[in-house]
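I have placed the structure first, in the form of structure tokens, so that the comments after it can refer back to it.
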Amino acid sequence: MDRSSPHDLERASAELGLLRIVVDRMPAMIAYWGNDQRCRFANRAYEKWFAVDPEALVGRTLEDLLGPIYQLNLHYIEGALRGEEQVFEREIPDPAGGPPRQSEAHYLPDVVDGEVRGFCVLVVDITRRKSAEAAVAALGRKLELVERLSALGTLAAGVGHEINNPLAIVMASVELALDHVRARAENDALGSEVHALEAALHGATRVRDVVRSMTLLAPAEESPAASVDVVACLESAIAASANVLRYRGRLVCNFRPVGKVVADSGQLTQVFVNLLMNAAQALREDRAAQNEIRVSTRSEGSETVIEIHDNGEGIPESLIGRIFEPFFTTKEVGAGMGLGLSVSHGTIHALGGSLTVESRVGEGSRFFVRLPSWHPDPASPSPPVANGSHG
């Protein structure tokens, strides 16, 4: 006999209504499925996830609701009906045709007196979490690659220094031999020997230049401020990039007289290497005869301006505001990490200058490096003069 008073029934009804409101407001799918795999209850989230009225869902089967996903979930459904709690992740298509959602599902068995009467379902959207995890994983891979590149730079610099010492002896010996042969070459009889020694000296000089370029790959260390010859840094950067530039297009240099700047020569040279490589990569390989990179220097008031201009593919207006962001790149996967421009921007900013870009799709890009020109102050000590080496 039911002895519930009207007041108790009213309160129970109010509590049930409140519970329904709470469940419907939950940002997750909540449902109860019987051991016959038919729905007994579903909250409003099912309407958002599956475009189905939760009241109309009551009485329908899981297979009817899930469609192609049912077979993927059947293993977990059977496990829940055996009384075993199930937790798994699943990609759920968007009924509106948008990108699929990543979900985490919990099947919680309802067991009474050892009998499984059904199971509760809780499904939460973990799309943001999975995207964040993927981003962190990608960042980890890129940082690992950065560390490897740093180690490679250190190795390259070390190898460069090891080669440089015996190479200096070889060059000195060749120069001495060349001087002796030239002194004895009173006729053309020794002309071939002179030519051979000159070729050997030219080759050794080229090796020396490559070795110097390798030392620029070493991680930059803190160094005292120095007055740096900008054109000398540009020439070192061009030498370091020569093997790439010569196959991508024509290089045109217009170096007007400019003052020195206060910087670390190795860091500044690396900035120019980054900009030259970026310009080379912007050029289409199938039109090398028309490709061109122009490098120029000029003075504007109290600033020294370095311009690197390519006639490559250009940068879309929608992306130009992001090119100095770390790890942002428009290159194909594996062609770059998106660090060169970001690091260069930071280096120039730290020197009190600016690195900007102008670009048009199909016409090319212009990168401008602006640095404060160094003007010696007789009243203050002058910074040391950099010798152009690094490492």
Side-chain angles (χ1 to χ4, degrees), residues 153 156-157 160-161 164 168 205-206 208-242 245 251-280 293-310 324 340-358 365-391:
H161 286 301
N164 198 51
T205 302
R206 174 65 186 138
R208 181 199 62 192
D209 292 340
V210 172
V211 169
R212 287 178 177 175
S213 300
M214 288 174 65
T215 64
L216 296 174
L217 298 175
E221 298 177 355
E222 292 293 331
S223 59
S227 56
V228 173
D229 186 333
V230 170
V231 172
C233 290
L234 278 169
E235 290 174 342
S236 294
I238 290 169
S241 311
L245 298 179
L251 180 67
V252 179
C253 297
N254 180 19
F255 297 150
R256 296 180 184 176
V258 292
K260 293 183 177 182
V261 300
V262 177
D264 174 79
S265 60
Q267 289 182 347
L268 189 57
T269 301
Q270 187 60 59
V271 167
F272 296 150
V273 169
N274 290 341
L275 294 176
L276 287 168
M277 297 301 291
N278 184 76
I293 298 175
R294 290 183 171 270
V295 184
S296 63
T297 61
R298 63 180 182 272
S299 293
E300 289 185 358
S302 61
E303 290 186 326
T304 295
V305 181
I306 302 93
E307 179 180 339
I308 297 179
H309 173 210
D310 67 76
F324 296 122
L341 291 179
S342 175
V343 170
S344 298
H345 187 270
T347 298
I348 298 301
H349 180 75
L351 295 174
S354 64
L355 173 57
T356 58
V357 61
E358 297 175 359
S365 303
R366 295 175 183 265
F367 284 84
F368 301 90
V369 176
R370 289 179 169 84
L371 290 168
S373 299
W374 175 61
H375 299 288
D377 184 356
S380 60
S382 301
V385 177
N387 60 13
S389 64
H390 180 60

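All figures in this text were calculated on a predicted structure; none of them were measured in a lab. When reading the values below, keep in mind they use all heavy atoms of this one structure, side chains included, and skip hydrogens, waters and symmetry mates.
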Which residues share a side-chain contact (heavy atoms from CB on, under 4.5 Å) with Glu303, sequence neighbours left out: Arg370
Restricting to non-hydrogen atoms, name the atom on [X] and the atom on [Y] that form the minimum distance, rounded to 0.1 Å.
X	Y	answer
Ala237	Phe272	CB-CB, 3.5 Å
Thr297	Phe255	OG1-CA, 3.3 Å
Thr304	Gly259	OG1-O, 3.7 Å
Ala280	Leu245	CB-CD2, 3.9 Å
Leu371	Gly353	CD2-CA, 4.1 Å

Quick one: pull up [atom1] in [X] and [atom2] in [Y] and give me the separation to the nearest 0.5 Å.
X	Y	atom1	atom2	value
Asn278	Ile308	CG	CD1	9.0 Å
Ile306	Phe368	CD1	CZ	11.5 Å
Ser299	Arg256	OG	CZ	9.5 Å
Leu275	Ser365	CG	OG	11.0 Å

May I ask you to test the [X]-[Y] pair for a side-chain heavy-atom distance under 4.5 Å?
X	Y	answer
Leu341	Val357	no
Leu351	Val261	no
Ile238	Cys253	yes
Leu268	Ile348	yes
Val295	Leu276	yes

Is Arg294 salt-bridged to Glu307, going by a charged N under 4.0 Å from an acidic O? no
